[in-house]
Amino acid sequence: MTSGRGDRVAPPAPDGQWEIRFADAASAKGWESLTQQARENTYRAWLVIRTDPRPPAETPRHHRLKGSLAHGTHRGQTCEQWQIEVTGGGRIWYLVDSDRNTCWVTYAGTAHPRATDR
């Protein structure tokens, strides 16, 4: 997704923190929906992803996905996939790309992702 006039400016990650990027246009659009519905919670999730994307102690609201969703691929790189519950139904899924020190948001939305309903 290319930024343009009127878009928010994302700060670059300082040393010791992770870049956060959208894996696709759908995740960027979903992120905007989340920010409209739960601005503070989305901001807190962004901070957690930026500073501690792989927490040593998982919680019910922030954990690695399981089964076939435990990994995802972006640009040929297979990465761990994590989830943060932003609201009761709202979620952010992201891949932790250690080679690029980047977290790729693969899903962001106000509704519970259907992929977990299997």
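Counting begins at 1 with the first residue of the sequence.
The distance from the CG atom of N41 to the OG1 atom of T87 is 7.5 Å, given to the nearest 0.5 Å. Expressed to the nearest 0.5 Å, how far CG of L47 lies from CD of Q17 amounts to 8.0 Å. The CH2 atom of W82 sits 11.5 Å away from atom CD1 of I49, with the distance rounded to the nearest 0.5 Å. Here the straight-line distance linking atom CD of Q37 with atom OG1 of T42 works out to 8.0 Å at 0.5 Å rounding.
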side-chain contact (heavy atoms from CB on, under 4.5 Å) between W31 and W46, intermediate numbers included = CA-CA 10 Å; W31 185 275; W46 180 85; 3.9 Å; yes

Check the pair H71 / Q81 against side-chain contact (heavy atoms from CB on, under 4.5 Å), numbers first and verdict last.
-> CA-CA 5 Å; H71 292 90; Q81 186 159 232; 5.9 Å; no

Passes side-chain contact (heavy atoms from CB on, under 4.5 Å), W18 versus V96? Steps please.
-> CA-CA 9 Å; W18 294 71; V96 179; 3.7 Å; yes

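Here the shortest heavy-atom pairing between P14 and R50 reads CD-NH1, 4.4 Å.
Remark: the backbone N or O of W104 is not paired with any side-chain donor or acceptor of D97 at under 3.5 angstrom. One N or O on the side chain of E19 and one on the backbone of A13 form a donor-acceptor pair closer than 3.5 Å. S33 contributes no side-chain N or O that, together with a main-chain N or O of G109, makes up a donor-acceptor pair within less than 3.5 Å. Side chain of Y94 to main chain of P53: a donor-acceptor pair is present (N/O by atom type, distance under 3.5 Å, no hydrogens or angles). Between the side chain of R61 and the backbone N or O of E58 there is no donor-acceptor pair closer than 3.5 Å. Put simply, the side chain of Q83 never gets that close to the backbone of L65: no donor and acceptor are under 3.5 Å apart. Under a 3.5 Å cut-off, the side chain of T102 and the backbone N or O of R100 do form a donor-acceptor pair.
Under 3.5 Å, the side chains of E85 and H62 contain no donor-acceptor pair of N or O atoms. Between the side chains of D99 and Q77, at least one donor-acceptor pair of N or O atoms lies under 3.5 Å.
For the pair E80 and R54, the salt-bridge criterion is met [side-chain N within less than 4.0 Å of a carboxylate O].
Under the 4.5 Å side-chain contact rule for hydrophobic residues, L34 and L95 do not share a cluster.
S27 has its side chain within reach of V105: a pair of non-hydrogen atoms, C-beta onward, lies under 4.5 Å apart.
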